[in-house]
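Presented below is the structure to which this report refers.
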Amino acid sequence: MKKKVLKTTVAASLVFGSIAGIPLSHKGIQELFGTPVASASLSENPLPPEANAWLERVLNVYSKLTAEEQAEVKQLSLDLANNSVSSGNEYLVEPLVEFINAKQDDENEINAFETLAVVASFSLMLSSDQETLSKGLNTLRENGDFRAWISRILAGSGVSLDGENGLDVSDFAEFLSASQSAVINQFDLEKALVYLNAHKNGKLLTEQRGALKADLKAAYVSVIGDSNLKISKALAYYTSQPGEKTALAEALADTALNYLDKFDSDAKATTAILKGVVRSEAKLASTSGGVELTPRLTIFGEDISSYVNWGVETPESYISFSGGKFVLSSSAPTDTNVTASVYAKAKVYDELVFKGNITLRRNSESGPAGPGGPGPGTTLPPQAAEQAQAAKKAVEEAKAKLAEASPQEKSKIMKEALKNVKEAIKEIGKVSLSNTVTVTNGKATANVNVGQLQQQLAAIKAEVDALKASLKELDANANVNMALTLDLGDVDADEVSLQLVSALLTAVTGAGATSINVTVNGAGINFAPSEVAAGTTLTISNASDDSVSGIADVVTFTFVAPTGGEIDEFDRPVSLTLSVDSDADFDEDLLTAAKVTEDGLEIVGGTYENGTVTAPRSTLSTYTVVENEVEFVDTASVGTWAGKEIKVVAAKGIVEGRGAGDFDPNASVTRAEFAKMISKALGIAGGSAKESFADVSADDWFQPYVAAVSKWGITNGRTPTSFDPNAPITRAEMATMIARGLQQVRGEQSFIANEDVLAQFKDADQILATLEDGVAFAADLGIVQGLPTEEFAPNAHTTRAQAAVMIYRLLQQ
């Protein structure tokens, strides 16, 4: 796979530091503004999830520092809080103040001294616990002086601190997180090591100032231009003219470096924080094994194993490091987990990068273990165990709420509990097989030791069964499927293969998994074990071609049966995942998977989440990701309620125009057209399904789509022998097709009686009895909604704009 340059986090040290800020503790805010700290607990005065997630990351970084490093950070915090707001320091913020005032009228100008106070209010207090930090941030957002300064900055931008679209703490947290990421993207490993160690022998920060400024400037240009951030939208007021975005970025960079020059000239605190960030982000791919384990260390998903030296801190544990592996001594007791504390240090600078525990084990029944998979530990990895515990707690809380809940409230409670259990099971079902992969002549092969794998699967099954049982205590019909993820890691090869031997398929199904998700180098394929024969070989190969896509690699997914023929068509859709280049500039709503053909690209749909695009497919081929913007000239009349939805579903190839740039939004949708829309949205189009309607011929353009929805029970036709393809589809028929598609293909569930949902519609009695289930299900999920008259109008015809909105909502499920 195409290897991306390793990005690291010198920027995080700057963003975590005085530059972009972390909220001051309550004591510091009192000193600066004289505002009493709220006595309410965190639970009574909560922060948005985005802000809390950011604070947790900050505290995690602090926890990775040594006592000496923590002292440096504390001292910087005190210097910033107590010494920065004083006469003579105005020059620190002059670059920013001068830029802002150049665009402001006299009434809204800011002055340097009050700006010093605001910057000081965002200094470091990493030693605080989360509740103290949260209280401080809550106090800060209500402080009159701070709000007045921010309000003057926002004057003229059309954005405020209040109102429905006003700025929120979460908006500041998102901006700071984006700033971290933007600066991270400016640094490759070599450059980061230079900055990290520039001061090891007493060198001054000023020796690196020019290079730092260039990197910071480029980063700030990127984040200022991010239209998804509310604060960046507000800053658009200052950057509307050519060159102003660069000028603002330079002002921010100069201000940042002024503070570092003044308060951390030897960069000890900055360097300490950087080390904490690196350690907090360093992950060991596998922490358990048989009698040996080859360690693979990553930072932000990138493999840095070749840059570190490994060692064992507890040699008396029977574990040593030899030949590139952690090895269990032959004198270690059998059938016993042996744990050791291990560490990794940077080869060049001998700096600690990672410290953690690994567990090895020798089983008496299996004899000497070779490579081939995760170890036989009987417990889950910490992250999976924590998520499982959180899900169990959420289910118990839901149980307490259900007793007094209304039908609508019960539905919401159940959906939330189901969501928590699904997320936990997804995490629990991850198995690292990176240490099973060997590379020969540029081709990689995974050799899985099923015996070792089964022991880990037993622990997974036990935890998943417990979660499912707890869910059924809430509702006997509640259920969730498990996809077992076999992660082959990051492999330096253009082709990676895994043979799905009989023992492996049996072990997976025996663990209760309904599908297998194989991932490597950011690409993945999720499929039902029943779709492949024992002995089938899965190959995921890369053929990077920048002329095809600048957003993602070009990946070919291939199943070769034991008999030698390729399996490229499936009864149940497979799900493909493609990694998107985080450095690329794109609108995530318009990203779509595309099939690479001899004639070009065929758009096949998919949804973006967390750096990947996932697309359901009934056939296999070669795929990539593109940003597909489709323009229509006649959608202005429906733009306020359907404009975005039409644009998104058109980008994914689900809906098309009617020629000459027209979408024809107010025209009716035929039953054949909607069959095509929903089958493409669900990824069931393209198979060899058949149908038996007298009014559908083999050469009709809609035949494969009608066949697909018929096969899946999404529609039974208007009569047993007639589909009526050219008739307009009604709202009730459309809702029912969507509902059945989500139930049959994706296994979605509802937890409320039809009558409790349909009671919201005055004309519910006009819904055909055969369509009531579908309308109620789709309405409960919010996919279909009533009219302003509180009617559903079940027999009214659906317009093309309305259909696009419904399909868009389906994609969000």
Side-chain angles (χ1 to χ4, degrees), residues 531 568-573 602 604-605 616-619 649 653-659 663-748 754 766-778 783-784 792-804 806-807 810:
E531 293 288 340
D568 57 4
E569 191 171 295
F570 304 90
D571 285 332
R572 176 168 289 277
E602 175 189 335
V604 297
R617 299 294 296 147
S618 290
T619 59
V649 295
I654 298 171
V655 299
E656 299 170 350
R658 286 187 165 173
F663 181 71
D664 205 2
N666 297 310
S668 295
V669 178
T670 68
R671 288 169 52 81
E673 286 176 325
F674 195 71
K676 178 179 179 180
M677 291 181 191
I678 194 168
S679 60
K680 294 190 78 170
L682 294 172
I684 58 175
S688 59
K690 302 186 183 306
E691 44 69 36
S692 57
F693 297 115
D695 54 358
V696 179
S697 301
D699 55 355
D700 286 329
W701 66 265
F702 48 78
Q703 187 277 334
Y705 308 114
V706 173
V709 295
S710 176
K711 168 188 172 181
W712 282 92
I714 293 172
T715 180
N716 298 316
R718 278 192 165 167
T719 73
T721 60
S722 171
F723 182 74
D724 205 0
N726 298 313
I729 192 169
T730 67
R731 285 168 54 80
E733 287 174 331
M734 180 183 67
T736 299
M737 289 180 70
I738 290 174
R740 290 174 180 170
L742 288 172
Q743 291 167 327
Q744 299 296 326
V745 182
R746 296 192 182 174
E748 295 288 346
N754 288 355
Q766 297 180 27
I767 302 172
L768 292 176
T770 56
L771 303 180
E772 283 184 351
D773 288 347
V775 174
F777 188 92
I783 293 176
V784 296
F792 183 69
N795 301 311
H797 294 160
T798 303
T799 68
R800 285 168 55 80
Q802 290 171 336
M806 298 305 106
I807 291 294
L810 179 154

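Along the sequence shown, residues carry numbers from 1. The analysis underlying the following values was restricted to heavy atoms, covering all of them including side chains, and did not include hydrogens, waters or symmetry mates.
Within the 3.5 Å criterion, the main-chain N or O of G653 finds a donor-acceptor partner in the side chain of K680. R572 places no side-chain N or O within 3.5 Å of a backbone atom of E531 that could act as its donor or acceptor partner.
Rounding to the nearest 0.5 angstrom, the gap separating the CD1 atom in I654 from the OG atom in S679 is 9.5 Å. The distance from atom CD1 of I714 to atom CZ of F674, rounded to the nearest 0.5 Å, is 9.5 Å. The structure places CD of E748 at 12.5 Å from CD1 of I738, a figure rounded to the nearest 0.5 Å. Atom CD1 of I767 and atom CG of N754 lie 9.0 Å apart (nearest 0.5 Å). Taking CZ of R800 as the start and CD of E656 as the end, the distance is 9.0 Å to the nearest 0.5 Å. Going from atom CD1 of I807 over to atom CE of M734 covers 8.0 Å, rounded to the nearest 0.5 Å.
No hydrogens or angles considered: nothing links the side chains of T670 and N726 as a donor-acceptor pair under 3.5 Å.
The shortest heavy-atom contact between G741 and L682 is CA-CD1, 3.6 Å. Nearest heavy atom pair, residue E733 against residue P728, reads OE1-O, 4.3 Å. Residues T730 and P794 share a closest heavy-atom pair of CB-O, 3.4 Å. The minimum heavy-atom distance linking V709 with A675 is given by the pair CG1-O, 3.9 Å. Taking every heavy atom of both residues into account, R740 and T770 meet most closely at NH2-O, 3.6 Å. Looking at every heavy atom in both residues, S618 comes nearest to P573 through OG-CG, 4.3 Å.
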Where do M806 and M677 land on the side-chain contact (heavy atoms from CB on, under 4.5 Å) test, with the steps shown first? CA-CA 10 Å; M806 298 305 106; M677 291 181 191; over 6 Å; no
Applying side-chain hydrogen bond (donor to acceptor under 3.5 Å, both in side chains), run through S722 and D695 and close with a yes or a no. CA-CA 6 Å; S722 171; D695 54 358; 3.0 Å; yes
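Under the ring-ring contact (aromatic ring centres under 6.0 Å, His included) criterion, F723 pairs with F693, not counting sequence neighbours.
Just one of E673, H797, Q802 meets the side-chain contact (heavy atoms from CB on, under 4.5 Å) condition when paired with S668; it is H797.
Counting heavy atoms from C-beta on, the side chains of L810 and I678 come closer than 4.5 Å. W701 places a side-chain heavy atom less than 4.5 Å from the side chain of K676. Contact check for L742 versus I783: side-chain heavy atoms found under the 4.5 Å cut-off. Considering only heavy atoms from C-beta on, K711 comes within 4.5 Å of D571 through its side chain. Looking only at side-chain heavy atoms (C-beta outward), R671 and F702 stay at 4.5 Å or farther from each other.
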